[in-house]
Trainee: 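This structure is in structure tokens; I'll ask about it shortly.
Both backbone and side-chain heavy atoms feed into the values below; hydrogens, waters and symmetry mates do not. Below, chains carry the letters A, B, ... as their sequence lines are ordered, and counting in each starts from 1.
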There are 2 protein chains.
Amino acid sequence: AIRFDDVSRVYGRGRKQVRALDGVSLPIPAGRWTAIMGPSGSGKSTLLHCAAGLDRPTSGRVFLGDDDLAAFNETQLTKLRRKRLGFVFQSFNLIGSLTAEQNVSLPLRLDGRHIDREEVRDALATVGLADRAKHRPAQLSGGQQQRVAIARALITRPEVLFADEPTGALDLRTAREILGLLRTAVDSLGRTVVMVTHDPAAASYADSVVFLADGRVVDQLDGALA
Amino acid sequence: AIRFDDVSRVYGRGRKQVRALDGVSLPIPAGRWTAIMGPSGSGKSTLLHCAAGLDRPTSGRVFLGDDDLAAFNETQLTKLRRKRLGFVFQSFNLIGSLTAEQNVSLPLRLDGRHIDREEVRDALATVGLADRAKHRPAQLSGGQQQRVAIARALITRPEVLFADEPTGALDLRTAREILGLLRTAVDSLGRTVVMVTHDPAAASYADSVVFLADGRVVDQLDGALA
Ligand SMILES: Nc1ncnc2c1ncn2[C@@H]1O[C@H](COP(=O)(O)OP(=O)(O)OP(=O)(O)O)[C@@H](O)[C@H]1O
Ligand SMILES: Nc1ncnc2c1ncn2[C@@H]1O[C@H](COP(=O)(O)OP(=O)(O)OP(=O)(O)O)[C@@H](O)[C@H]1O
Ligand SMILES: [Mg+2]
Ligand SMILES: [Mg+2]
């Protein structure tokens, strides 16, 4: 499980100061799917980055299980992320010079694991891109790039998957397929999913929904929204 | 008005060949709002790029008014775009080293026009970012970056606005504000809008909706969808 304990994240000083997170305390249970919603600029991506150790809070603490992330140095955080976490970035962050197949196998390579070509091909097939393995990101549409990013985040079978608007570039039907994939990961494999979305249909797949506004948790809904 | 006359756009050869557009013939009327929907990878962005002269079709012709875009060289196409067209890219394409304000005034600068600071500030205020004029794209959230891209495309008061999923990174309320802005541009200023979207709520703002699948026009709906 993940726990936020009075976390703030502040940028700049004086007049230009921006409080992306403003005293967030929040438990995110393991083995369940939590959705995070809120207006543009309300701190959703910042929350996800702090939860995954990609960004350090200005004050407060983030716990992954019993571990306080502040106790880890950069190298330990990177190792922890490679072993236990998966991340789908809002802007995909694919490597332009690598093919779709190479992008998907990158987390395995970085973690020093064996790369099973069959497994990588299956991951691409699961997101509907079996025939695009050899294409680079620039040769793929926006939604196809997003699906490569999703396959890359799932390839290491992470305990916790963080996904920042993972269906933002997808049509309704493709989005449903991806959301069904995540639902199976939670229900039959016991994974934890933390998903930022502004799409109520996507949020309806989650077990609970947290609402942010101006960097604060303003509401929480449990049980299916649908 | 814009007209597609049996336009195809093909990438690669042999086994790796991809037909992004496959014989598209389509009138897009002036002074109205046309939405384009379709599955991920169906050719929506490619259609928009060909319509705006950012990409050349493999076969067939694209007309802007009475002009066949094939008759223009690169320099003439660039001039035409700067004077008459606005484009909101699916991946925003903001310049990372420029502030939000500088990004918005860039099209004016490129077209050799006078830059009125007040007008640029107003454009940012219209999209809810008056207080972020001095921030660079990396300091803005995904939705904020998208709104800067929208303000940039509107600043030159273009005859035709092409927008590739302009509300893809926005929450419902912010999206409605932006869509209302475009509706006003069409209704009271007589502009033409061509918008790619996979969001039925966004498509309901349009006057008609064209559906693509595998690079072909498969359906068209006229009148409000709502
Ligand atoms: N340079 C390229 N080389 C090969 N294929 C390409 C290239 N650019 C685009 N394509 C392919 O052309 C097809 C249409 O792409 P396009 O970007 O127009 O799709 P789209 O409808 O906008 O999809 P999305 O909703 O995912 O953004 C896709 O299958 C895409 O992979
Ligand atoms: N480096 C930075 N400097 C200043 N402000 C920043 C920086 N990075 C993020 N911010 C601000 O922090 C706030 C929260 O950003 P965040 O990316 O978490 O929003 P978000 O909820 O994900 O929004 P969206 O739905 O638009 O993606 C925003 O106002 C953003 O502009
Ligand atoms: Mg975000
Ligand atoms: Mg596209």
Trainee: Looking only at side-chain N and O atoms, does A:Asp164 offer a donor or acceptor that is under 3.5 Å from a partner on A:Ser45?
Mentor: yes
Trainee: Tell me, side chain or backbone of B:Arg132 under 4.5 Å from chain A's heavy atoms, or both, or neither?
Mentor: side chain
Trainee: Indicate yes or no: does B:Asp207 engage B:Arg183 in a salt bridge with an N to O separation below 4.0 Å.
Mentor: yes
Trainee: Supply the atom-to-atom distance A:Asp199 CG to B:His198 NE2, rounded to the nearest 0.5 angstrom.
Mentor: 8.5 Å
Trainee: If you round to the nearest 0.5 Å, how far is CG of A:Leu212 from OG of A:Ser42?
Mentor: 5.0 Å
Trainee: For B:Ser40, which of A:Gln144, A:Arg173, A:Arg147 qualifies under side-chain hydrogen bond (donor to acceptor under 3.5 Å, both in side chains)?
Mentor: A:Arg147
Trainee: Which of the residues A:Leu172, A:Thr197, A:Leu170, A:Leu140 is involved in the greatest number of heavy-atom pairs with chain B at under 4.5 angstrom?
Mentor: A:Leu170
Trainee: Please look at B:Lys16 and chain A and tell me whether the side chain, the backbone, both or neither of the residue comes under 4.5 angstrom of a heavy atom of that chain.
Mentor: both
Trainee: Taking C-beta and beyond as the side chain, do B:Pro27 and B:Phe4 meet within less than 4.5 Å on heavy atoms?
Mentor: no
Trainee: Apply the salt bridge (Lys or Arg N to Asp or Glu O under 4.0 Å) test between A:Glu101 and each candidate in A:Arg121, A:Arg109, A:Arg152; give the one that qualifies.
Mentor: A:Arg121
Trainee: Is the count of non-hydrogen atoms from other residues, nucleotides or ligands lying under 6.0 Å from B:Asp214 atom CG greater than 12?
Mentor: no
Trainee: At a heavy-atom distance under 4.5 Å, which candidate from A:Gln145, A:Gln146, A:His135 has the highest pair count against chain B?
Mentor: A:His135
Trainee: Could you have a look at A:Val18, A:Asp171, A:Thr46 and say which one has the most heavy-atom pairs with chain B under 4.5 angstrom?
Mentor: A:Asp171
Trainee: Under 4.5 Å, heavy atom to heavy atom: which of residues 85-99 of chain B reach chain A? Give them by number, or say none.
Mentor: B:Gln90
